[in-house]
Amino acid sequence: MEGGENENGGKKRGCGCSKQDFLPEESFQSCRSYLNALCNTKSRLRDRLLARSADHMELHEIRGRSQHEMKKRLNWWDIIWFGIGAVMGSGIFVLTGEAARNHSGPAVVVSYLISGMTALLSVLCYTEFCVELPVAGGSFTYLRVELGDFVAYIAAGNILFEYVVAGASVARSWTSYLATLFNHDPNSFRFHASSFPEDYSHLDPIAAVVSLLICIAACMSTKGSSRFNSIATIVHLLVLLFILIVGLTKANPQHFSNFAPNGICGILKASSILFFAYVGFDGVATLGEEVKNPGRDIPIGLIGSMLIIILLYCLLSATLILIQPYYQIDVNAPFTLAFQAIGLKWAKYIVALGALKGMTTVLLANILGQARYFTHIGRTHMAPPFLATINEKTRTPVNATVVMTLVNSIVGFFTSLDVLANLLSLTTLLIFSLVALALLVRRYYVGGETTSSNRNKLILFLMLIIGSSIATAVYWAIGKNGWIGYAVTVPIWFIATLGLNLMVKEAKKPKLWGVPLVPWLPSASFATNVFIMASVDGASYVRFGIWTLLLLLYYVFIALHASYDAAKETTDTTSAATATCLEDGGASQLHH
């Protein structure tokens, strides 16, 4: 890992780390200073709880804490391929079967379109933020600027946990698909440790090695990683093209005759499942700091890649239905067994190869996003600041990349896919919802400029939007088939959004690129993400609560005081610089 500087100003060599790399802040220099910080926890909470950063702080002062800048070598072409590579993993090969057979039937195409448009709304919100704030922190930065330090910290802590779980599960799935290529049971490629608990007894060295190899590529060069991602994604797309062409040669249009066997409810339920085939683009947004021309490249890359993915998903799901009636589709391996049913058993190897290539690019995008999230969190001192270091030679966040890869590898080495699968899903939707909410705050509130009347109306309308969206989701979740509940909650959402549009003056216009139809699209993005959250299982909410409690403990005892000291130091430095400028200006006037 990259060393910092020692107390004498000399650069440390090798992997040596000291306490100053982890807790350099004033509050942790001695037991007395730490006890004094704990005694002031209440006042510090008041100071930091709703403290909002500013655009110029994130773009300059905070980013400057990494000492070296990342290289700006990515363009819209790179972002498009990263977007496709990050999203199109094995989801299409797994989720389609359950959605089509158990819920939507042939209307799975419509379900993919609905969930895709929902994801596109989130992409639009992310795009505006990423253009205005092209820094490594992604959603952590956006929430920190608009909703405050505390909300950003809780959201980022949960998204990092989900990134680790996703990375570990994809790495273990990589082993499973590799075993399929060689006609082996997945566990035959793993070591069995009988002394360990059953869910942790199948040790997976392949998952760890694949993660470490991808880590090396991510550390060496972002542009090099982009080239590798482009090649792997092209191979993946060729496999998908093969599936489309071969599948359509065996097409039977009669399979679409009973189009929506479970009606609109089945279509919407399938959409809530299929939405998770579209996640991953949020990690691509963390590459904003390395984009040459954010105002042009980011909108083209993020929005363009999502439109391509929506089209491919709809085509692939339609092809699956044309090959096999929906009620015969296998839930676990829909494409593989569909090809077997039409006499093409060898096609399962092509499907497995496509999934393998897709998971490789997902792993790469996952570790790139993880590292850049952690880098910016380290810059704010909510995580150890040594993670913020940018390697002077490669201009990549080597420390954060290595740390996150080690965590991914350890989890993936021991933990079974069943355990990992039960930990996924909720946090991504929560982050998407908060980013949409943050965009509304950004457009309609500017501290020191927005009048108290407009601020109060904004708060009222936002509370109505939030409350009506949650009520709609809860009504759906408890399984009420009537329309009375929706007849109340949906009009409230509509009236609140209309009121925000007509009665609150827009305080800030985007400088380069902005979401159209504000507040309608961000409000719809928030409502749809909350609605999909209602389909998440209860265990995910329990996991979210437990992990958030652990994050709160770390925040109260460590992150609060570290970030308070860092913010105070930045304020003092800025004040001193301003005073110096004023003195220089006064001296210059006297001289003249």
With a 4.5 Å limit on heavy-atom distance, are the side chains of S469 and F531 in contact?
no
Heavy-atom pair of closest approach, residues A473 and A534
O-CB, 3.2 Å
Note, V131 side chain near P299 side chain (heavy atom, < 4.5 Å)
yes
Looking only at heavy atoms, which two atoms of I159 and T427 are closest? And how far apart?
N-CG2, 3.5 Å
What's the verdict on side-chain contact (heavy atoms from CB on, under 4.5 Å) for L316 and L240, showing C-alpha distance, side-chain angles and the deciding distance?
CA-CA 8 Å; L316 287 166; L240 298 182; 3.8 Å; yes
If you define the side chain from C-beta out and look only at heavy atoms, does anything of K250 sit under 4.5 Å from I342?
yes
Here the pair of heavy atoms bringing M382 nearest to Y554 is O-CE2, 3.4 Å
Is it the case that the side chain of T415 and the backbone of G412 share a donor-acceptor pair, with hydrogens and angles ignored and the cut-off at 3.5 Å?
no
Please check if any side-chain donor atom of S139 sits under 3.5 Å from a side-chain acceptor atom of R144, or the reverse.
no
For residues W174 and T360, is any side-chain donor paired with an opposing acceptor at under 3.5 Å?
yes
With distance as the sole test, does S122 use its side chain to make a donor-acceptor pair with the main-chain N or O of F432 at under 3.5 Å?
no
R52 side chain vs D149 backbone, donor-acceptor pair below 3.5 Å:
no
Please tell me whether N408 and Q370 have a donor and an acceptor in their side chains that are separated by less than 3.5 angstrom.
yes
Please examine the side chains of L500 and L458, heavy atoms only from C-beta on, and report whether any two atoms are closer than 4.5 Å.
yes
Ion pair check, R442 and E506, cut-off under 4.0 Å
no
What verdict does the side-chain contact (heavy atoms from CB on, under 4.5 Å) test give for V135 and Y142, after you've listed the backbone C-alpha separation in whole Å, the side-chain angles of each residue and the deciding distance to 0.1 Å?
CA-CA 10 Å; V135 292; Y142 316 151; 5.6 Å; no
Determine, stepwise, if the pair E128 / R443 fulfils salt bridge (Lys or Arg N to Asp or Glu O under 4.0 Å).
CA-CA 11 Å; E128 178 171 330; R443 288 292 195 96; 2.9 Å; yes
F461/Y444 under ring-ring contact (aromatic ring centres under 6.0 Å, His included): CA gap, chis, key distance, verdict:
CA-CA 11 Å; F461 290 133; Y444 288 96; 9.5 Å; no
Anything under 30° is parallel, anything over 60° is perpendicular, the rest tilted; go ahead and classify W520 against W493.
perpendicular
Would you name the heavy atoms of A471 and T489 that are closest together and state the gap between them?
CB-CG2, 3.6 Å
State whether the side chain of S111 and the backbone N or O of I267 hold a donor-acceptor pair below 3.5 Å, judged by distance alone.
yes
Determine the minimum heavy-atom distance between T175 and P186, stating which atoms define it.
CG2-O, 4.5 Å
Would you say the ring centroid of F140 lies under 6.0 angstrom from that of Y153?
no
How many angstroms lie between atom OG of S272 and atom CD1 of I532, to the nearest 0.5 angstrom?
7.0 Å
CG on L302 to CE on M306, rounded to 0.5 Å
8.5 Å
Run the side chain to side chain donor-acceptor pair (under 3.5 Å) check on S523 and T497 step by step: do they pass?
CA-CA 7 Å; S523 181; T497 308; 2.9 Å; yes
Side-chain touch I367/M404, heavy atoms, less than 4.5 angstrom
yes
d(F414 CZ, S409 OG) to nearest 0.5 Å is 11.0 Å
Value rounded to 0.5 Å, distance of OG1 in T528 from CG in L429:
9.5 Å
Are the side chains of V435 and F129 in touch, meaning some heavy atoms are under 4.5 Å apart?
yes
Test side-chain contact (heavy atoms from CB on, under 4.5 Å) on E162 and R543 and set out the steps.
CA-CA 11 Å; E162 198 134 316; R543 188 275 306 163; 3.2 Å; yes
Is the F82-F281 ring centre distance short of 6.0 angstrom?
no
Can a donor-acceptor pair be found, under 3.5 Å and without considering hydrogens, that links the side chain of W476 to the backbone of Y486?
no
N/O donor-acceptor pair under 3.5 Å between K457 side chain and M503 backbone
yes
Test your reading of the model: is there a side-chain donor-acceptor pair from D204 to the backbone of A207, 3.5 Å cut-off?
yes
If I take atom OG from residue S317 and atom CG from residue L95, how far apart are they, to the nearest 0.5 angstrom?
12.0 Å
Check the side chains of N529 and T118 for a donor-acceptor pair under 3.5 angstrom, ignoring hydrogens and angles.
no
Taking it one step at a time, do V165 and V411 satisfy side-chain contact (heavy atoms from CB on, under 4.5 Å)?
CA-CA 8 Å; V165 173; V411 175; 5.8 Å; no
More than 12 non-hydrogen atoms from neighbouring residues, nucleotides or ligands closer than 6.0 Å to OH on Y541, yes or no?
yes
Checking T548 side chain against G545 main chain: does a donor-acceptor pair fall under 3.5 Å?
no
What one should report as the nearest heavy-atom pair of H255 and P106 is O-CG, 3.4 Å
Aromatic centroids of Y278 and Y313 separated by under 6.0 Å:
yes
Under the criterion side chain to side chain donor-acceptor pair (under 3.5 Å), I'd like the reasoning laid out for T96 against R101: C-alpha separation, chi angles, the key distance, then a yes or no.
CA-CA 8 Å; T96 311; R101 179 162 181 165; over 6 Å; no
Counting C-beta onward and ignoring hydrogens, is there a side-chain heavy-atom pair between Y163 and D282 closer than 4.5 Å?
yes
Find out whether L237 and L241 are in side-chain contact, i.e. whether some heavy atom of one side chain is under 4.5 Å from a heavy atom of the other.
no
Inter-residue atom distance N229.CG - T361.OG1, 0.5 Å rounding
5.5 Å
